[in-house]
Every structure is written in C-alpha cells, then in structure tokens.
Amino acid sequence: MTPVVDVHAHVIVPGLGAEVAWVDGTQVVSFRGRQIRSAVREFAALDRVLEEQDRAGVDLVVLCPWVNLLGQEPARQNEALATMVGNRVAALGTVDLERPDQLVELMRDGRLSGVEVAASVGGDYLGHERFRPFWAVAEEAGALVFVHPTTRGFDLPVMDEHYLWNTVGNPLETTIAAAHLATSGILEDHPHLKIVLAHGGGAVLALRGRLAHEQTIHGPDRDVLAALRLFHYDTVTHDAAVLRSLVEFAGPERVVCGSDYPFDMGVERPGEIVRALGLSAGREAAILGGNALRLLGREVTA
C-alpha cells in the first residue's frame, strides 16, 4: 500500500514557555500572556499525536516546532525533537539562520532531517544576502528546509478581521519568501536545495507571470519559472483545482502531502485531497509519500 507522509505537522516541546492544557474539550495554549485556541488536535503529547495520525490515515509524520518557538533554545529543542524520531516519526529542528554551524551540528547524527525556518527573520526575507551562508550549508548537508510563515507578518488592522491574518496573511508571507528566493539568485546558485513551501506556496504560482515579466524589465533576466520549479510544495491548498494546477506546473515529483496539524486551518485527512485528483497510481503514490521519503532519505515501516 502507498504510505502517506505528512510533511507539515507541528508539535510543542515542553519547557519553552508554552503551556498546553485541555479545558472542557478545548485545547488551550498559553504563551506570553495570550491564550490560543486554534490548535484543535493534540499539540504536545507524542502518543496522542500518533493516535491522531492513525485516525488521519498517516503512516509517517514529520514533526516540526510550532512557529512561535522557532529559534527558542535550539540545542534543547532539537534534542527533544530528535528523541521523538522513530518508525512513525521524522522531525525537523530549528537553528539561527546566521549560525550555519548550528545546522551542521543538527545534521551530524542523522536523527533530524533538516529544519523549519520562518519566512522572514528580523524583518528580512529568506533571499537576503545575510542568509546566503545558511543556504550554502543547507545544500551541502542535504537538509530539508521547510519554509513556514511567522503567522503575524503584517501590521495591518484589517488582518484582525475575519481571520485574514491566517487565511491571507500566512500564505502571503510564504509568497513573498518564495518570490524573494526565486528572484535573488539563491536557487540558481544552489539548485540542489531541498525547500518545501507551506500552504502550497501561497500565491506565488498565481503571480509567476508577473515575477517573470519583471525580470525582462529590470533584469538580470533570471529564469523565475525554472526557479519556482526547484521548490517543493505541500498540498495544504483546501481546493482540488488549485492543487491540480500546482501539480501541473511544478510536476508531481515536487508536491508533498501535508496537513498543517494540529490547527483549525489544517486538513484532518491529508491523503483525501490527493486521491480526489484522479492522478495515475504512480503520481498519486509520489505525492502521498514517495516524494517526502526521498527528501527525508528514509523508508516508512509498516
């Protein structure tokens, strides 16, 4: 049977300032004076996370930090994540992007498969010159790099209305990060990077024509379309037509199954939207799990 690999799932490591409790059937995350109720499935206890994954039809889950904890005590957090790794679990850690030595250390013993990084760090998006040493090390180490929005990237009052900070703001952050990487030359210089974009890459594919046209005006006339095809994209699009278009553009070998577990804007059974596309058996198997297993350099055990 085709294994299902969920490349987009988050977990909270205890002891980093985020307290998790279930109150009257609702999970409440207390963090820096705020109470967050958007995590609707188990967020911390690994045994219960795996029970949820069983119900979701997922064979292997790739756990990464809650984005609010990225950069928090990297050594401690990475060791905690590494202890979760097993037949059913792979994991991505966290590093300071201006400390590539941390990535070298993280990848050394092979327990962690790479890192999750925010779409921007300190106001700079990922194509910034100061991150070039990180990308060089990530390519050389064969690290899987999962790009995720910060979730609060835009200080606009309207984002507080109608959940727009999530529905629009999150994919917009990913869009900018992807466009910045594609137009900065990072992907040209490091074509073997293994980068996965959250939320289907946001709107970057819808904007590909504009991005490519801009290069003909201002130069240096980079092949933006080729660069965009070097990314991997998760399936968290909530729309089969959008996902089908993504597969057609990027190719089935560049799309990986994801859920955005455990959040309310996630997908409870991530394999279903892939199966709904009516792809050939080989393409479906690649998206459900084969591509992710290749990126992780591992096989799933039944």
Side-chain angles (χ1 to χ4, degrees), residues 7-8 10-13 16-18 31-32 34 36 62-78 80-81 91-107 112-141 143-156 159 165-166 168-190 193-199 201-204 211 227-228 230-234 260 263:
V7 301
H8 184 169
H10 302 278
V11 68
I12 286 180
V13 169
L16 296 175
F31 183 67
R32 295 179 179 173
R34 297 172 56 215
I36 298 158
V62 184
L63 295 175
C64 63
W66 181 33
V67 69
N68 292 42
L69 297 179
L70 285 178
Q72 299 289 314
E73 299 189 46
R76 178 179 176 182
Q77 190 165 188
N78 292 339
L81 287 161
L92 306 176
T94 179
V95 297
D96 181 340
L97 267 63
E98 292 188 283
R99 290 281 309 278
D101 58 298
Q102 291 184 356
L103 180 57
V104 173
E105 182 62 28
L106 177 148
M107 296 293 292
L112 295 177
S113 301
V115 290
E116 179 188 20
V117 301
S120 65
V121 179
D124 290 328
Y125 278 82
L126 295 176
H128 195 281
E129 286 295 310
R130 70 185 178 110
F131 302 134
R132 277 189 172 271
F134 166 82
W135 292 116
V137 169
E139 182 183 45
E140 182 178 359
L144 176 57
V145 181
F146 177 47
V147 176
H148 195 281
T150 68
T151 76
R152 291 287 179 173
F154 306 103
D155 187 20
L156 299 171
M159 289 295 185
W165 67 265
N166 192 316
V168 174
N170 277 357
L172 180 56
E173 281 195 77
T174 305
T175 301
I176 296 172
H180 199 215
L181 285 166
T183 55
S184 67
I186 296 291
L187 296 168
E188 285 181 347
D189 295 342
H190 303 288
L193 280 166
K194 300 192 294 188
I195 300 175
V196 175
L197 301 177
H199 310 125
V204 72
L211 292 168
L228 293 177
L230 292 175
F231 289 119
H232 293 79
Y233 301 82
D234 79 11
D260 206 355
F263 291 103

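- Aromatic ring pairs are classed by plane angle as parallel below 30°, tilted from 30° to 60° and perpendicular above 60°; the pair H8 and F146 is perpendicular.
- Although no hydrogens or angles enter the test, the distance criterion places a donor-acceptor pair under 3.5 Å between the side chain of H180 and the main chain of G127.
- Interatomic distance, L97 CG to D124 CG, rounded to the nearest 0.5 Å: 11.0 Å.
- With a 6.0 Å radius and a threshold of 12 heavy atoms from other residues, nucleotides or ligands, E98 has its CD atom above the threshold.
- T150 and E173 share a side-chain donor-acceptor pair at under 3.5 Å.
- Atom OG1 of T175 is separated from atom CG of N170 by 10.5 Å, given to the nearest 0.5 angstrom.
- The OG1 atom of T183 sits 9.5 Å away from the CG atom of L228 when rounded to the nearest 0.5 Å.
- Here the closest heavy-atom approach between residue P65 and residue H10 is recorded as O-ND1, 3.0 Å.
- A distance of 11.5 Å separates CG of D96 from CG of L70, quoted to the nearest 0.5 Å.
- Side-chain atoms of F263 and N166, non-hydrogen and from C-beta on, never get closer than 4.5 Å to each other.
- Note: L16 CG to N68 CG = 12.0 Å, rounded to the nearest 0.5 Å.
- Checked by atom type and distance alone, the side chain of H148 never pairs as donor or acceptor with a backbone atom of A118 at under 3.5 Å.
- The structure places CG of L193 at 8.0 Å from CD1 of I186, a figure rounded to the nearest 0.5 Å.
- Without hydrogens or angle criteria, T174 side chain to G201 main chain gives no donor-acceptor distance under 3.5 Å.
- Listed for the Q77 side chain is no donor-acceptor partner under 3.5 Å among the backbone atoms of V13.
- Under a 3.5 Å cut-off, the side chain of E116 and the backbone N or O of L92 do not form any donor-acceptor pair.
- Applying the side chain to side chain contact (heavy atoms under 4.5 Å, CB included) rule to A177 yields the partners A119, Y125, L126, V147; only residues at least two apart in sequence or on another chain are considered.
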